[in-house]
Amino acid sequence: MRKRMPLSRTELEVLQYIARGLENREIADKTFRSTETIRTHVKSILYKLKARNRAHAVAIAYHIGIFQGLPRTDEQGTSPLKPPAPDLTVQIPPEHPAAAALPANVPPARNRTATSDTTQRPRQTDQRRL
């Protein structure tokens with residue numbers, strides 16, 4: 001089996017952005033490079049990893065462990081494949097007509113989780129061997 005050519009630091013960064021689902025234009029904006037430069041980096045990544053397309057390159061990168069130990073390219077420290085959670089907080093300006101309908105003494109909303117009548121118990125596994 002032939003060894004794969006190593007990726008440059010810039011190619012690793014571009015590959016991480018590809019893994020997060022960004023397009024060439026978005027990667028170019030984040031890295032302050034031109035779209036054509038990013039396109040060239042993507043071609044180089046595909047060649048070096050012997051990948052058919054961007055998704056295949058990401059799959060190969062995860063399979064051979066390229067992303068392990070690398071600093072995250074996103075600000076929130078999430079997985080490259082997991083998009084950040086949307087902020088669903090609604091701020092109503094005091095001058096808005098809907099603000100008058102809200103009671104003045106209501107504390108701000110806090111994160112709540114749905115609860116059910118049943119408590120979550122650890123899953124029991126069958127101890128028998130077949």
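Atom CZ of Arg39 sits in a sparse spot, with 12 or fewer heavy atoms from other residues, nucleotides or ligands closer than 6.0 Å.
Atoms CG and CG, from Leu7 and Leu15 in turn, are 6.5 Å apart once rounded to the nearest 0.5 Å. Interatomic distance, CG of Leu49 versus CD1 of Ile64, reported as 5.5 Å (0.5 Å rounding). Between the NZ atom of Lys48 and the CD1 atom of Ile60 there is a distance of 14.0 Å, given to the nearest 0.5 Å. A distance of 4.5 Å separates CD1 of Ile45 from CD1 of Ile18, quoted to the nearest 0.5 Å. Note that the NE2 atom of His63 and the NE2 atom of His56 stand 9.5 Å from one another [nearest 0.5 Å].
Using a 4.5 Å heavy-atom threshold, the side chains of Thr37 and Thr10 count as separate.
Of all the heavy atoms in Leu46 and Asn53, the pair that sits closest is CD2-O, 3.3 Å. Shown here for Glu26 and Gly21, the closest heavy-atom pair between the two residues is OE1-O, 4.3 Å. Of all heavy-atom pairs between His41 and Val14, the closest is CB-CG2, 4.2 Å.
Without hydrogens or angle criteria, Thr40 side chain to Glu36 main chain gives a donor-acceptor distance under 3.5 Å.
With Leu22 as reference, Ile27 is the one residue of Ile38, Asp29, Ile27 to meet the side-chain contact (heavy atoms from CB on, under 4.5 Å) rule.
Glu13 and Thr31 share no side-chain donor-acceptor pair at under 3.5 Å.
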